[in-house]
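Note sheet for the following structure.
Reckoned from all heavy atoms, side chains included, excluding hydrogens, waters and symmetry mates. Residue numbers start from 1 in every chain, and the chains themselves are labelled A, B, ... in the order their sequence lines are given, proteins ahead of strands.
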Protein chains: 2
Amino acid sequence: MAAGTPGAGRVAQAEMRSANMGLLLRHLRAHGGRSRARLAQETGLSKATTSSLVTDLAQRGLVREGALERGGAVGRPGTTVALDGSGVAGIGIELAVDYASFTAVTLAGTVVREQVSPLDVAHLPLAEVLDRTATQLQRMIHSLAESGTRVAGITVSPPGIIDYASGSLRFAPNLGWRDVALVREYATRLSEPTPPIRLENDAKLAALAESVRFAREGVSDLVYLTGDVGVGAGIIADGALMRGWAGFSGEVGHLHLAPDDRPCNCGRTGCWETVVGLNALLESAAPAGDSLRDPGRPIEDRLYELRRRADAGDAPTLAALTAIAEHLAEGLAVLVDVLNPKAIVLGGYFAWFGAFIIPVAETRLQARALDAGNHARVVASELGLMAAARGGAFLALEDVFADPTLVPAGA
Amino acid sequence: MAAGTPGAGRVAQAEMRSANMGLLLRHLRAHGGRSRARLAQETGLSKATTSSLVTDLAQRGLVREGALERGGAVGRPGTTVALDGSGVAGIGIELAVDYASFTAVTLAGTVVREQVSPLDVAHLPLAEVLDRTATQLQRMIHSLAESGTRVAGITVSPPGIIDYASGSLRFAPNLGWRDVALVREYATRLSEPTPPIRLENDAKLAALAESVRFAREGVSDLVYLTGDVGVGAGIIADGALMRGWAGFSGEVGHLHLAPDDRPCNCGRTGCWETVVGLNALLESAAPAGDSLRDPGRPIEDRLYELRRRADAGDAPTLAALTAIAEHLAEGLAVLVDVLNPKAIVLGGYFAWFGAFIIPVAETRLQARALDAGNHARVVASELGLMAAARGGAFLALEDVFADPTLVPAGA
DNA sequence: CTTAATTAGTTAGGATGCTGTACGAACAAT
DNA sequence: ATTGTTCGTACAGCATCCTAACTAATTAAG
């Protein structure tokens, strides 16, 4: 229920039809396959119009007929109409410090391609990173085309600050990159016709990925929290991704919620990251000299090791996780009071240690956040490393859900 | 630029027309009166359609023709079309602890009625408060009808927690009211036909009121902060009022941002309110025994007195205001990092002492909030006590801006 | 002062999309 | 086999918007 009536844009006949086609598509996404008659009744469109629109959508390869609905009820059974999982897909790419992940998701929400490639993004020359990832991308597009799947769009999630207007990465502190026109760079490296390319922040994309899952449960207000060395939030408010004025909403890692004796990389002290970031966990869980604090050792190894210790009931590890959870709750309380989400989804290493962190964080949160009888549920993300890429694929598909006529009929 | 494609609803012929009429109306609100030709060009509608829609809007009394646009340019001058300030108005009511304020605002944004009535809401019986305010309301509706102005809707802002689904006040701590079905109570007390009645939180309404002003400057992301004994925020994100899952977004008064030696009325310690609420100012600005701390003295008197001292350069007063500003900045930094607004509008006593508070708060904020080269502007609200009522009137008018056909043509 | 050029607004005709009604199709119940 | 119900489609009708042509009002130029 949004107020303020933000500009809805002109409505002409053509837009009317595409808007209604989008309505059907989104209804199918949210509620699953169903008969034309039910679609008509539930969306408010007439049966005749629904029929016509479904035919149109089918010609574009976006929906297809399924089994007959033999519900045992009287009357003629309806033929199920469902999203077609082969016609169109979106691609999401996440560039991290030491790997690049690629995902392709169809309109039906099925992941049809997924790969994580180790890539020393931080040390390789920029051009080489772009060349290599663009090649992988091109290969994925070709491979999808061979299966008869069009790519509706591509979303790239770089590890840094994005300038949305120019489609460039303004600054990536961990890579040392500055003002890289990523959209243009990829567009020139891909063969024509190039699908639309976007940039978006990893936390926002992960939130979007989760929002698709939660929308089915009727949750349209949620917060996703990334858990890594840094911490960031993605906010879904009233079903839509919230970006803020310049796209910097959810920059919660440097909230001033910790004691001022903790210096932060940002130059200030007392940032939330310093007590809930991954380094805080590693430092408090392991004594100096412990191999967990060896920067040369792969981070995944260390996390596995830490989980083994936690599972085994190792006291210092459990104490460290509890401390993290308590500090985490402080920030979650802020997010709950400000945003009133229905769910908080924890990602990154928070999810990895969810069983240890969430119970503590949740009780602590309920004690601290304003209780209006509406607690936010805290859950662990199940998307793991692929969350951002997955969300990127979803974002790329949003265009199609908004205007299905973007996909030509001849497919 | 919203993503996530929240359900846009069915588009039928009738809705197409009303949607386009709303588009014109909102364009006129945002950009002021202009010719049909300019409207057509700027909205993307054709000249013919624009002409037809404008005629329709005029018949409903929503727009009217104005002067000729003699811009000195060649060609036939256009006749200005502008929002009609006499046809339709919205009414907002704020129930506070010791007064009730009423505002009527026309479609053109002009305040045509405004009254603040002292009313001992906290001690009078509920029925009497409702009777008296309903009578005033009815009188205002009549008076507007005599001037030929229809009331499109009424928004009531009660000082407590709202249950939107049932249209009732769930709990008002300062009044001791519980579960009062305000919408129904007012509806039964008003003579037919009753305009639609809504409830909304004061901070959210104030934010909405400010958003109308700021929208003209292209600001679609802002936060309004109420400054009273309690503190609350209203959030406008991407032009729309953000409510959160259950309508409790912006409950920032109890953020844990103060030292834990400050007990709060809510039973916890360290709430932001305890260091930026009005009581914090009065206590730190005046020594025990000072008349400023006399609860029997009207609060307005005390605020005037305090401002006199500040204007005169009284050191303890200035020190107290600076301390408030510094604590204020802590919370503003939270709001900036989470929401990335373009503007923060300070209301209540923050605005009253804006000249002393804002410069300090702003520099402090810039030091603390994440700097992505996009500072949020901090400004004082100019709406004073009427902010919430004004926003309520705007909210009531939103229906008309969304669907102008709600207003019958025969008016 | 007259004519051309330019822009505003209106009217007529055409195209498009949605709706209501009617009808055949497919099934359950009797 | 018949009846009643529901699904999906076909067709006529209607509302809307758009394009194109036209009139109206003004400036600029000869």
Side-chain angles (χ1 to χ4, degrees), chain A residues 8-24 27-28 33-60 63-82 403-405 409, chain B residues 8-24 28 33-59 63-82 403-405 409:
Chain A
R10 176 186 68 133
V11 184
Q13 275 107 327
E15 278 110 61
M16 179 162 63
R17 191 161 178 88
S18 56
N20 283 332
M21 283 169 68
L23 178 65
L24 289 179
H27 195 85
L28 288 173
R34 60 228 308 108
S35 71
R36 289 165 235 261
R38 275 188 73 185
L39 276 173
Q41 199 202 333
E42 289 165 0
T43 59
L45 291 163
S46 71
K47 272 201 302 174
T49 305
T50 305
S51 215
S52 162
L53 294 176
V54 165
T55 305
D56 198 337
L57 288 170
Q59 279 165 358
R60 295 173 196 276
V63 301
R64 70 174 157 205
E65 294 196 337
L68 255 61
E69 258 188 344
R70 284 222 179 70
V74 303
R76 172 180 167 179
T79 41
T80 303
V81 175
D403 179 6
T405 59
Chain B
R10 178 185 65 133
V11 184
Q13 277 106 326
E15 278 114 64
M16 178 162 64
R17 193 162 176 85
S18 56
N20 283 332
M21 285 170 69
L23 177 65
L24 289 179
L28 288 173
R34 62 229 304 111
S35 72
R36 293 167 175 83
R38 276 188 70 187
L39 277 173
Q41 199 202 333
E42 291 165 358
T43 60
L45 291 162
S46 72
K47 273 201 302 174
T49 305
T50 306
S51 218
S52 162
L53 294 175
V54 165
T55 306
D56 199 337
L57 289 169
Q59 280 165 356
V63 301
R64 70 175 158 207
E65 294 196 335
L68 255 61
E69 260 188 344
R70 281 220 180 72
V74 304
R76 171 179 168 178
T79 41
T80 304
V81 176
D403 179 7
T405 59

Checklist entry - Taking the nucleotide of DNA chain D with the closest heavy atom to each, which residue, A:Gly78 or A:Ala12, is nearer the 5' end? => result A:Gly78
Distances under 3.5 Å only, N/O to N/O: pair up the protein atoms with those of nucleotides 4-6 of chain C.
unit_1 : atom_1 : unit_2  : atom_2 : d
C:dT6  : O2     : B:Gly75 : N      : 3.4

Checklist entry - Of all residues at least two apart in sequence or in a different chain, which pass the side-chain contact (heavy atoms from CB on, under 4.5 Å) check with B:Ala19? => result A:Val11
Identify all pairs in which a protein N or O lies below 3.5 Å from an N or O of nucleotides 12-16 of chain D, and state each distance.
unit_1 : atom_1 : unit_2  : atom_2 : d
D:dT16 : O2     : A:Gln13 : NE2    : 2.4

Next on the checklist: Please enumerate all residues that pass side-chain contact (heavy atoms from CB on, under 4.5 Å) together with B:Ala48, with sequence neighbours excluded.
Outcome noted: B:Ser46
Checklist outcome for this item: When rounded to the nearest 0.5 Å, the distance separating OG1 of A:Thr49 from CG of A:Asp56 is 12.0 Å
Next on the checklist: Contact between A:Arg60 and A:Met21 at the side-chain level, heavy atoms closer than 4.5 Å - yes or no?
Outcome noted: yes
Checklist entry - side-chain hydrogen bond (donor to acceptor under 3.5 Å, both in side chains) with A:Arg34: which residues, sequence neighbours excluded? => result A:Glu42
Item to check | Residue list, side-chain hydrogen bond (donor to acceptor under 3.5 Å, both in side chains) with A:Thr80, at least two apart or on another chain | outcome: none
Checklist entry - Heavy atoms, side chains only, cut-off 4.5 Å: are A:Arg10 and A:Glu15 in contact? => result yes
Checklist entry - Start at the 5' end of DNA chain D and walk down; is the nucleotide closest to B:Lys47 or to B:Thr50 reached first? => result B:Thr50
Checklist entry - Is B:Ser52 near enough to D:dC17 that one of its side-chain N or O atoms lies under 4.0 angstrom from OP1 or OP2? => result no
